[in-house]
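In this text, all values refer to a predicted model and were calculated from it rather than measured experimentally.
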Amino acid sequence: MIALLLRDLKLAFRAGGGFGLGLAFFLIVTVMVPFSVGPQSALLSTIAPGVLWLGALLACLLSLDRLLALDWEDGSLDLLATAPLPLEAVVTIKALAHWITTGLPLVLAAPVLGVLLNLPVAGFSWLVVSLLVGTPALSVIGTFGAALTVGLKRGGLLLSLLVLPLYVPTLIFGAEAARRGAVGMDTGTPMLMLAGITAATVALLPFASAAVLRVNLR
Amino acid sequence: MTLTVTDLSIARGGIPVLQGLGFDLRPGTALVVRGPNGIGKTTLLRTLAGLQPPLSGHITGAEDTIAYAGHSDGIKPTLTVTENLTFWASVFGTAEIRPALEAFELNDLATRHAGNLSAGQKRRLGLSRLLVTGRPIWVLDEPTVSLDVSAVAMFATAVRAHLSQGGCALIATHIDLGLDAAVLDVGPFRAKPRPVTDFDGDFL
């Protein structure tokens, strides 16, 4: 399992691996919001938590179609399915590798980009905490979507259509936790809901992903 | 470990392709699968490897014993030859990749990125993966595609060495490997084309 994680991380950092792609997308989206909204710092600080969460979510989506498709194309997925590793472990490791190369950099970059959107000082810590708790769910749900669409030509677009609705609960509670933190309100309820969503998806979805992958490999 | 197949029926895309197939594969023996294009050789090998369920029939002795090599080699172009092999070795829980590199004369290419290899060299790397799996039953689908004459000889030597160590091999190929192998012609087992009736149950 460690070997698979290390290989996926190595592939992400090598040429064409796509590391930093999501991060650059996140940066560009965040920079463009003030251009489109105009120089209204009060409005920007109101919408900052929501915009940052939406940007992080879309950046996460960007690298999902490569998650399993590349392994499918070169036959690695067939070989992994016949290896001693259970497919449930394979998809969990794949989701973890996706989170390390996409989710974690987004979490770390979010405070810097918060400055660009005039995020209130009180909101920085809650933004980081909510993203840290919420992004693993994005990776795990995304892996499920990737497993559903693996082997389809032009599956990337379908993947987005399938996965975005599934991201809604995470987005609602994540952005709400960050917003409440920014205006100094109690963040307990949305944070608990967000943590609950992440815990449930991490616990259950790998089994669903492995099951659809078995069907798709036939 | 003997692989036993009894009264096996398999389907591709919901259409039965082979039915009533049965054979034994004993340690130290090889079986060459022959048959015209589209008869279901690949489907048979994928079924044995556990990548798809059979329609009916029994396969015994296939659990965690099969090393499968299909049409694609499962090679990552941005990893080196050594990194590719080391990865598969650790997935299968074996440590030594040197014999595999030597068997397919990949030592000189060990530090090259797999993306820079020729088609035949990639194929040799894909086949050398079999040696690091440590599994007794090799199930190979057209293993000699894009190999030159000397590489085919390398492959035949590797298969012979594997058989002499008590392994066995099931090979779908159209060329003569010079192996002392029985031939399984799947042509007579062709299924009558009819749609599978309980598609939904099978799908789920």
Side-chain angles (χ1 to χ4, degrees), chain A residues 1-21 63 66-94 97 101 147-148 150-152 207-218, chain B residues 10-14 42-43 45-55 62-80 83-95 113-115 122-123 125-126 129-130 132-135 137-139 141 202-204:
Chain A
M1 285 170 74
I2 305 276
L4 181 61
L5 180 64
L6 290 178
R7 183 197 72 152
D8 273 13
L9 294 181
K10 213 184 271 179
L11 287 172
F13 289 112
R14 293 269 165 98
F19 176 75
L21 213 65
S63 49
R66 305 165 58 94
L67 193 69
L68 293 168
L70 291 182
D71 277 340
W72 162 271
E73 280 163 19
D74 65 21
S76 306
L77 213 50
D78 281 349
L79 302 180
L80 280 173
T82 57
L85 217 55
L87 268 183
E88 285 81 1
V90 171
V91 292
T92 309
I93 293 293
K94 291 249 155 212
T101 53
L148 277 174
V150 76
L152 293 178
F207 295 99
S209 309
V212 291
L213 208 49
R214 282 197 186 95
V215 172
N216 272 337
L217 281 178
R218 281 177 195 175
Chain B
I10 54 174
R12 177 173 168 80
T42 297
T43 310
L45 299 189
R46 287 180 67 87
T47 307
L48 293 176
L51 288 169
Q52 63 177 73
L55 276 183
E63 192 73 20
D64 284 338
T65 53
I66 284 185
Y68 171 73
H71 293 284
S72 317
D73 291 317
I75 290 170
K76 291 293 172 191
T78 50
L79 298 183
T80 64
E83 283 170 334
N84 268 301
L85 266 185
T86 311
F87 165 67
W88 287 114
S90 44
V91 164
F92 281 89
T94 56
H113 285 261
K122 276 184 191 151
R123 194 73 206 175
L125 174 56
R129 185 186 59 84
L130 295 166
V132 303
T133 60
R135 291 207 160 164
I137 305 175
W138 288 2
V139 172
D141 197 359
D202 198 45
F203 181 76
L204 295 171

Which atom of B/Arg135 lies closest to which atom of A/Ala83, heavy atoms considered: NH2-C, 4.0 Å
Exam field: side chain A/Arg14 to backbone B/Thr78, donor-acceptor pair closer than 3.5 Å: yes
Pairwise distance NE2(B/His71) to CG(A/Asp78) - rounded to 0.5 angstrom: 10.5 Å
Proximal component of A/Leu6, with respect to chain B [non-hydrogen, under 4.5 Å]: neither
Interface moiety of B/Leu51 toward chain A, non-hydrogen atoms closer than 4.5 Å: both
Closest non-hydrogen atom pair, A/Leu79 against B/Arg129: CD2-NH2, 3.3 Å
For the student: nearest non-hydrogen atoms of A/Thr82 and B/Phe92, plus distance: O-CE2, 4.4 Å
Side-chain (B/Arg46) to main-chain (A/Leu217) donor-acceptor, under 3.5 angstrom: yes
Shortest non-hydrogen contact from B/Ser72 toward A/Gly75: CB-CA, 3.8 Å
Side-chain heavy-atom pair A/Arg7, B/Asn84 within 4.5 angstrom cut-off: no
Interface moiety of A/Ile2 toward chain B, non-hydrogen atoms closer than 4.5 Å: neither
Value rounded to 0.5 Å, distance of CH2 in B/Trp88 from CG in A/Leu80: 4.0 Å
Min side-chain heavy-atom separation B/Asp73-A/Asp74 under 4.5 Å: no
Over 12 non-hydrogen atoms of neighbours within 6.0 angstrom of CZ in B/Arg12: no
